[in-house]
Amino acid sequence: MIAILKHDATPSQVEHLVSWLKNMNLDVHISQGAEVTVLGLVGDTSRVDMDLLKSLDMVDSVKRVSEPFKQANRKFHPLDTVVEVGGVKIGGGHFAMIAGPCSVESEDQIIEVAQAVKASGANILRGGAFKPRTSPYAFQGMKGEGIQLLMKAREATGLPIVTEIMNISTLDLFADVDIIQVGARNMQNFDLLKELGKTNKPILLKRGLANTIQELLMSAEYIMSEGNDRVILCERGIRTFETATRNTLDLSAVTVLHNLTHLPVVVDPSHATGKANLVAPMAYAAAACGADGIMIEVHNNPSCALCDGAQSLTPVQFDALNKKVQKIREAIL
């Protein structure tokens with residue numbers, strides 16, 4: 001349920017109303033806009049007398065929210081959420097270019113790539129320390145040592161870092177990570193999501209291989225219900241009958257999500273396509289459809305990469321891609 005207050009509602013009136021609602025064991029989320037204030041009520045709202053609430057002088061309207069996701073719902077929070085980390089803003093018109101290797105392989109490799117992508121305009125560094133792989137014999141990442149090397153790359157460049165968590169048991173290792181990524185395979189690892197909701201770190205939540213948009217938003221709800229509203233959604237392709245690409249990149253999800261939620265939405269064309277020559281065109285399309293950011297895999301020597309070299313761009317290719325992405329964004333704004 002949401003209650004939209006009149007523009008002349010005083011702070012003391014709002015405080016009194018919120019206190020009254022909380023006494024009914026409801027969580028009240030306040031969204032303060034330039035023109036209106038929206039109160040989002042979460043919990044058993046059946047005990048709220050809608051007619052009584054509507055009759056209050058300070059209340060403009062009251063509506064029930066039919067969608068199962070509440071806190072992620074744009075009706076609760078009409079203004080775009082802006083997630084800020086390390087001086088970089090994502091959402092609400094702010095664009096993030098996230099780039100780096102699929103996996104951290106050595107100190108020289110991650111620092112060289114970090115310096116290259118920063119010089120080309122990237123403002124967040126990605127790199128995998130823990131790697132979920134289909135084959136148990138494939139490279140699984142450098143784990144804790146990989147995180148330490150990412151931190152060295154951050155020190156060398158000033159770029160905030162994002163890396164993927166796979167298990168609750170390793171959460172302590174992510175204490176100094178700027179953005180924690182939840183991969184597609186863990187999108188519905190609800191115990192992990194709830195633990196991440198107890199942190200105050202931005203969470204980059206990737207859509208699962210075969211999950212609907214509503215399921216993605218319900219996973220975001222798990223994080224937000226524990227108190228962490230710093231969630232960034234990521235469209236990274238879904239599994240369909242098509243085999244020409246690794247996955248099918250659902251760019252329509254960007255617009256659908258922007259209509260349904262206030263959370264920022266980024267796109268990962270590298271994992272979606274699985275082929276380096278397809279990454280740039282899909283990145284351009286993502287920028288054109290209004291994504292709040294793009295995540296690109298960049299490796300200084302893709303042919304020798306220990307993970308996903310086939311979809312990785314060289315620093316030179318990334319530089320050319322980012323220049324065009326910025327031109328596209330200028331054209332659509």
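Throughout, numbering of the chain's residues begins at 1 and tracks the sequence.
Note that the CG atom of Asn247 and the CG atom of Leu209 stand 6.0 Å from one another [nearest 0.5 Å]. Between atom OG of residue Ser46 and atom CZ of residue Arg64 there is a gap of 7.5 Å, rounded to the nearest 0.5 Å. Here CG of Leu249 is found 13.0 Å from CD of Glu242. Values are rounded to the nearest 0.5 Å. Expressed to the nearest 0.5 Å, how far OG of Ser219 lies from CG of Asn189 amounts to 9.5 Å. From Lys89, atom NZ reaches atom CG of Asn123 across 12.5 Å, with rounding to the nearest 0.5 Å. The CE atom of Met142 sits 9.5 Å away from the CD atom of Glu107 when rounded to the nearest 0.5 Å.
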>> Using the rule given for side-chain contact (heavy atoms from CB on, under 4.5 Å), can you reason through Gln71 versus Ser225, listing the C-alpha separation, both sets of side-chain angles and the distance that settles it, and then say yes or no?
In response: CA-CA 7 Å; Gln71 296 183 47; Ser225 68; 4.1 Å; yes
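The only option from Arg126, Lys201, Arg154 that meets the salt bridge (Lys or Arg N to Asp or Glu O under 4.0 Å) definition with Asp178 turns out to be Arg154.
Annotation for Ile294 and Pro269: closest pair CG2-CD, 3.8 Å, computed over non-hydrogen atoms. Residue Ala276 comes nearest to Ser312 through the heavy atom pair CB-O, 3.7 Å, listed as atom of the first residue, atom of the second, then distance. Minimum heavy-atom separation, Gly208 to Ile238: O-CG2, 3.8 Å. For the residue pair Ala99 and Ala122, the shortest heavy atom distance occurs at CB-CB, 4.1 Å. Contact record, Ile332 with Ala288: CD1-O, 3.8 Å, taken as the closest heavy-atom pair.
Asn167 and Ser169 form a side-chain donor-acceptor contact under 3.5 Å, judged by distance and modelled atom types alone. Using a 3.5 Å distance cut-off with no hydrogens or angles, the side chains of Asn301 and Ser303 do pair a donor with an acceptor. In this model, a donor atom of one side chain and an acceptor atom of the other lie less than 3.5 Å apart for Arg246 and Gln311. Looking at His258 and Asp292, their side chains do bring a donor and an acceptor atom within 3.5 Å of each other. Thr157 and Gln115 form no side-chain donor-acceptor contact under 3.5 Å, judged by distance and modelled atom types alone.
Side chain of Asn186 to backbone of Met166: a donor-acceptor contact under 3.5 angstrom is found. Side-chain N or O atoms of Glu105 include one that pairs as donor or acceptor with a backbone N or O of Leu306 at under 3.5 Å. Side-chain atoms of Ser270 never come within 3.5 Å of backbone atoms of Ile296 as a donor-acceptor pair (strictly under, hydrogens ignored).
Classified by interplanar angle (parallel below 30°, tilted 30° to 60°, perpendicular above 60°), the ring pair His77/His262 is parallel.
The number of heavy atoms from other shown groups lying within 6.0 Å of NZ (Lys324) does not exceed 12. By the 6.0 Å contact criterion, CD on Gln326 is enclosed, its count of non-hydrogen atoms from other residues, nucleotides or ligands being greater than 12. Within a 6.0 Å sphere centred on CD of Glu155, heavy atoms belonging to other residues, nucleotides or ligands number 12 at most. With a 6.0 Å radius and a threshold of 12 heavy atoms from other residues, nucleotides or ligands, Phe76 has its CZ atom above the threshold. Around the CZ atom of Arg239, the shell of radius 6.0 Å holds no more than 12 heavy atoms that belong to other residues, nucleotides or ligands. The environment of CG in Asp57 is sparse: at most 12 heavy-atom neighbours from other residues, nucleotides or ligands sit within 6.0 Å.
Under the 4.5 Å side-chain criterion, counting only non-hydrogen atoms from C-beta, Gln188 is not in contact with Leu193.
A salt bridge links Glu195 to Lys198: one of the charged nitrogens lies within less than 4.0 Å of a carboxylate oxygen. A salt bridge is absent between Lys206 and Glu164; no separation between the charged side-chain nitrogens and carboxylate oxygens falls under 4.0 Å. In this structure, Arg207 pairs ionically with Glu235, as a charged nitrogen and a carboxylate oxygen lie closer than 4.0 Å.
Counting side-chain heavy-atom gaps under 4.5 Å among Ile, Leu, Val, Met, Phe, Trp and Tyr, Phe241 is found in no cluster with other residues. Taking a 4.5 Å side-chain heavy-atom cut-off between Ile, Leu, Val, Met, Phe, Trp and Tyr, the cluster of Leu56 extends to Met1, Leu5, Val14, Leu17, Val18, Trp20, Leu21, Met24, Leu26, Val28, Ile30, Leu39, Leu41, Val48, Met50, Leu52, Leu53, Met58, Val59, Val62.
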